[in-house]
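Beneath this line is the structure, given in structure tokens, with notes to follow.
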Amino acid sequence: MKCPAHSAVGPEYFDDGDRDDAAAIAAELVNTFASYDIQLSGIGLQQVCDRCTVMDDAYVISLGVLRLDEAREVIVKLKDMTDEFSKLHDHLMALTDSKGPNEPQA
């Protein structure tokens, strides 16, 4: 970003919209994990060096480091939720299949 020669700059001159967008996405990711009772520590944003990579993103989300026991805990929680979603899906499909084609769906 070039500094305008004709006027003074304020703090907004240093605003980073790419980082703001990345922070919003990272916060949504953390909240989504939290909704599954998964707490990950060490989540952060890292600025991508455009001189040493061909990535289009200005920032990436780092999920930190998981110990093996933490990874196992995350896997169990995700599998439990997957099983619950699968049961719900099967139940909804059974309800849908039990109705005739001309009957209104509940």
Side-chain angles (χ1 to χ4, degrees):
M1 181 183 310
K2 291 185 178 182
C3 180
H6 63 280
S7 65
V9 299
E12 69 281 351
Y13 177 77
F14 296 99
D15 286 351
D16 187 345
D18 289 332
R19 188 181 190 294
D20 294 342
D21 292 343
I25 293 168
E28 187 174 353
L29 181 64
V30 168
N31 290 330
T32 300
F33 277 127
S35 71
Y36 291 97
D37 193 29
I38 296 172
Q39 304 297 323
L40 298 177
S41 60
I43 293 178
L45 294 177
Q46 295 176 340
Q47 191 169 20
V48 174
C49 174
D50 59 358
R51 285 177 267 161
C52 55
T53 186
V54 294
M55 292 181 70
D56 290 334
D57 296 308
Y59 288 86
V60 293
I61 298 169
S62 169
L63 295 181
V65 177
L66 288 175
R67 295 186 330 260
L68 294 179
D69 60 329
E70 292 172 324
R72 286 185 190 104
E73 184 180 326
V74 169
I75 290 167
V76 167
K77 288 179 181 181
L78 290 174
K79 283 185 174 182
D80 287 347
M81 292 306 292
T82 300
D83 290 344
E84 289 298 317
F85 287 138
S86 181
K87 288 176 189 174
L88 179 60
H89 175 265
D90 292 346
H91 178 71
L92 290 173
M93 292 307 293
L95 288 175
T96 303
D97 292 344
S98 68
K99 296 191 179 294
N102 295 326
E103 293 183 41
Q105 302 294 318

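Computed from a prediction, not measured in an experiment: that's the story for all the values here.
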Worksheet item: With Asp69, which residues qualify under side-chain hydrogen bond (donor to acceptor under 3.5 Å, both in side chains), at least two apart?
Response: Arg67
Item to complete: In sequence, state the C-alpha distance, the side-chain angles, and the governing distance for Leu45 and Val60, and then conclude on side chain to side chain contact (heavy atoms under 4.5 Å, CB included).
Response: CA-CA 6 Å; Leu45 294 177; Val60 293; over 6 Å; no
Practice prompt. Tell me, please, which residues at least two apart from Asp16 pass side-chain hydrogen bond (donor to acceptor under 3.5 Å, both in side chains).
Written response: Tyr59
Worksheet entry | side-chain hydrogen bond (donor to acceptor under 3.5 Å, both in side chains) partners of residues 85-94, not counting sequence neighbours, each pair once | none
Fill in: Which residues share a side-chain hydrogen bond (donor to acceptor under 3.5 Å, both in side chains) with Gln47, sequence neighbours left out
none
Worksheet item: Does Leu63 belong to the same Ile/Leu/Val/Met/Phe/Trp/Tyr cluster as Ile25, with side-chain heavy atoms less than 4.5 Å apart forming each link?
Response: yes
Discussion item. As an exercise, state the distance from CG of Leu66 to CG of Leu40, rounded to the nearest 0.5 Å.
Written reply: 5.5 Å
Fill in: Nearest-0.5 Å distance that lies between atom CG in Asp83 and atom CG in Leu88
12.5 Å
Output side-chain donor-acceptor pairs under 3.5 Å for residues 26-39, partner residues at least two apart or in another chain, one line each.
residue : atom : partner : partner atom : Å
Asn31   : ND2  : Ala27   : O            : 3.1
Thr32   : OG1  : Glu28   : O            : 2.8
Ser35   : OG   : Thr32   : O            : 2.6
Asp37   : OD2  : Lys77   : NZ           : 3.4

Item to complete: Output the distance between atom CG (Leu78) and atom CD (Glu73), rounded to the nearest 0.5 Å.
Response: 10.5 Å
